[in-house]
Amino acid sequence: MFEDRIQSEELRAKIVSADEAASLVKDGMVVGMSGFTRAGDAKLVPHAMAKRAKKHPFKISLLTGASLGHDTDKILSEAGVLARRMPFQVDTALRAAINRGEVMFIDEHLSEMVEQLRAHQLPPVNIAIIEAMMIHKDGSIVPTTSVGNSASFALGADKIIIELNTSINPDFEGIHDIYIPEARPNRKPVGVVKPDTRIGTTSIKVDKNKIAAIVISDVPDSPSLISPADDATNAIARHLTEFFLKEVDQGRMDMTLSPIQAGIGTIANAVLTGFVNSPFHNLQMYSEVLQDSTFELFDAGKLDFASASSITLSEACAARVFPNIGRYKDRLILRPQEISNYPEIIRRLGIIAINTALEADIYGNVNSTHVGGTHMMNGIGGSGDFARNAYISVFVTKSVAKGGKISSIVPMVAHVDHTEHDVDVLVTELGYADLRGLAPRERAPLIIEKCAHPDYHDILRDYFDRACKTVGGQTPHILEEAFSLHEKFKKTGSMLG
């Protein structure tokens, strides 16, 4: 029953239906909603908002931690509710609306959005809609499977709607570490010096008078959409293991490596799962999202501790882990995303950052977000926070897509999210290119040889050789041909022409 999860009798009087709670959201409002990579998202009120909008149209600006589950972005988008959306999404229907220009999408580094809110560079949050597993007597909110931006939304909003999710294992209480950095310009250092450092509270301390409505839910998180590892992702994992073993051999780290961050998705999850059969041990993670691989590593005795902002699991892994979360509790911390992605901490801890590229060019620039340079895929997420500040910044991708019709290695990326200055190692299923200490003219032959698919070797080598001979410069490019592969694909459906 929910009564033991709402410790204030005064707050129990604020229990309403999802429809009643949704009626508090008005046209033109800025809404801050919990949720980070399909975890810890509000599940009932947003859908009630969409239902209402079909009869009484209204629009909002929606801010979250990252992506939402339960097709919430799709449902809100198709109901015409979304005028603006930030900082990250993965939904196909919303993506289409963004690319049609119907929804204004602001693609943000995940560490930055609440900093802009605090600095009044963005309009203030009118209503926060936060999923919780417990509400203490003083009104403090215990989050569920993610923290994301929930704490800052709740603290800054005029009103708070809480979705109390009774399906969450009570053992989740105590995992969270809620800390909000001090005001600028005289902010003190954020005191995380190891992945397991705790610096905050286990709940979000709010004025309980701001809690306007409580909705009871028992809906679990949407499962992650991770595909099984395949030959290519297994090969990427082997190449990364080879690279790290070389780092150990060179005396730059030991077999415990440095704390690891890995982006969301199939490739990153498969790469980390590959560490189960590696010689590395006593690993630690300081990341944004904990996926299935985290718990595979825990169960294999390879991982000692993991800190992140959310836990996003497949259906099978969730069924195994969440009922037994107490087994992992003393080895986990969930933090606000501005702390999990805080540049100061990333630099201090010496993070190994492993993120995914859509495409990379022959000089090491990476496109993570835009298909063909124009159409948004998901967003930059936290990859920029980590890549710029990591001890070693790794980007992984398969060498080709669409059965070989698209090369992931191109002369010039059609959109730049991560410049060559923030990319240390590039890995595909064919090999890895260690770019540290190399000039652009040294990088290009190495990337082509080690990372590009053989079908594209001659094309890329010819472009580079002619650029060096006819144009020259620090970073040789024939501007008239730099996007020739993209143009071929647009015209013929294949970069091979």
Side-chain angles (χ1 to χ4, degrees), residues 37-38 66-67 88 90 110 223-244 257 260-278 280 283 285 287-297 308 310 312-314 317 351-361 364-371 377-387 390 392-410 413 417-418 422-433 435 447 450-453:
T37 57
R38 301 167 66 86
S67 55
F88 187 81
V90 298
L110 294 188
S224 69
L225 301 176
I226 295 171
S227 301
D230 57 23
D231 290 343
T233 56
N234 288 334
I236 291 171
R238 288 195 300 272
H239 294 310
L240 261 183
T241 297
E242 178 187 347
F243 168 75
F244 290 130
L257 305 182
I260 297 168
Q261 174 264 340
I264 189 73
T266 297
I267 296 179
N269 185 71
V271 167
L272 284 189
T273 301
F275 281 12
V276 168
N277 297 315
S278 76
F280 307 118
L283 300 172
M285 293 185 67
S287 194
E288 306 160 287
V289 184
L290 306 181
Q291 301 184 88
D292 290 16
S293 54
T294 301
F295 295 91
E296 297 290 342
L297 289 167
S310 78
T312 302
L313 304 178
S314 67
C317 189
I351 299 296
I352 295 170
I354 304 171
N355 290 287
T356 304
L358 283 179
E359 63 179 2
D361 68 29
N365 300 288
V366 166
N367 172 13
S368 294
T369 58
H370 284 69
V371 176
M377 177 59 74
N378 299 327
I380 194 169
S383 57
D385 298 321
F386 284 92
I392 299 176
S393 172
V394 179
F395 279 89
V396 298
T397 183
K398 295 182 180 181
S399 65
V400 291
K402 292 191 179 297
K405 295 178 180 179
I406 294 176
S407 174
S408 299
I409 308 300
V410 293
V413 288
D417 292 293
H418 311 284
D422 300 331
V423 180
D424 296 321
V425 183
L426 189 61
V427 189
T428 71
E429 78 280 9
L430 301 171
Y432 72 85
L435 307 177
I447 290 172
K450 296 292 188 181
C451 299
H453 193 278

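Along the sequence shown, the residues carry numbers beginning at 1.
Checking side-chain atoms of Asp292 against main-chain N and O of Ser314 turns up a donor-acceptor pair under 3.5 Å. In this structure a side-chain-to-backbone donor-acceptor pair under 3.5 Å is present from Arg38 to Pro223. Panel note: side chain Asp385, backbone Ala387; no donor-acceptor pair is recorded below 3.5 Å. A distance-only check finds no donor-acceptor pair linking the side chain of Ser368 to the backbone of Ile380 [under 3.5 Å]. Looking only at distances, a side-chain donor or acceptor of Thr397 sits under 3.5 Å from a matching main-chain atom of Ala357. At distances below 3.5 Å, at least one donor-acceptor pair connects side-chain atoms of Ser408 with backbone N or O atoms of Lys398. With hydrogens and angles disregarded, a donor-acceptor distance shorter than 3.5 Å links the side chain of Glu429 to the backbone of Ser399. Checked by atom type and distance alone, the side chain of Ser310 never pairs as donor or acceptor with a backbone atom of Thr37 at under 3.5 Å. Of the possible polar contacts, one joining the Glu288 side chain to the Gly382 backbone as a donor-acceptor pair under 3.5 Å is found.
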Step-by-step side chain to side chain donor-acceptor pair (under 3.5 Å) determination, Thr241 to Ser278: CA-CA 7 Å; Thr241 297; Ser278 76; 5.3 Å; no

Could you go through Gln261 and Asn355, starting from their C-alpha distance and side-chain angles, then the distance that decides it, and tell me whether this counts as side-chain contact (heavy atoms from CB on, under 4.5 Å)? CA-CA 8 Å; Gln261 174 264 340; Asn355 290 287; 3.0 Å; yes

Hey, mind stepping through His418 and Ser383 against side-chain contact (heavy atoms from CB on, under 4.5 Å) and telling me if it holds? CA-CA 9 Å; His418 311 284; Ser383 57; 3.1 Å; yes

side-chain contact (heavy atoms from CB on, under 4.5 Å) for Ile264 and Asn378? Distances and angles first, verdict last. CA-CA 11 Å; Ile264 189 73; Asn378 299 327; over 6 Å; no

Passes side-chain contact (heavy atoms from CB on, under 4.5 Å), Val410 versus Asp361? Steps please. CA-CA 5 Å; Val410 293; Asp361 68 29; 4.3 Å; yes

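Across every non-hydrogen atom of Asn365 and Val413, the tightest pair is O-CG1, 3.4 Å. Contact detail for Val425 and Ile392: the closest heavy-atom pair is CG2-CG2, 4.1 Å. Annotation for Val396 and Ile354: closest pair CG1-CG2, 4.2 Å, computed over non-hydrogen atoms. Ile236 and Thr428 get closest at one heavy-atom pair: CG1-C, 3.5 Å. Shown here for Gly263 and Gln291, the closest heavy-atom pair between the two residues is O-NE2, 3.2 Å. Nearest heavy atoms, Val371 versus Met377: CG2-CE, 3.6 Å.
Side-chain contact, Asn269 with Thr266: no donor N or O sits under 3.5 Å from an acceptor N or O.
Val271 is not listed as a side-chain neighbour of Val427, based on a closest heavy-atom distance of 4.5 Å or more. Counting heavy atoms from C-beta outward, Leu435 and Ile447 have side chains that approach closer than 4.5 Å. In this structure, Asp417 and Asn367 have side chains that are in contact, with non-hydrogen atoms separated by less than 4.5 Å.
A distance of 5.0 Å separates CD1 of Ile260 from CZ of Phe275, quoted to the nearest 0.5 Å. If you take OG on Ser293 and CD1 on Ile226, they are separated by 7.0 Å, rounding to the nearest 0.5 Å. In this structure, Ser227 OG and Ile267 CD1 are separated by 10.0 Å, a value rounded to the nearest 0.5 Å. Once rounded to the nearest 0.5 Å, the distance linking CG of Leu426 with CG of Asp424 reads 11.0 Å. Note that the CG atom of Leu110 and the CZ atom of Phe386 stand 9.0 Å from one another [nearest 0.5 Å]. Atom-to-atom distance recorded for Phe395:CZ and Asp422:CG is 7.5 Å, nearest 0.5 angstrom.
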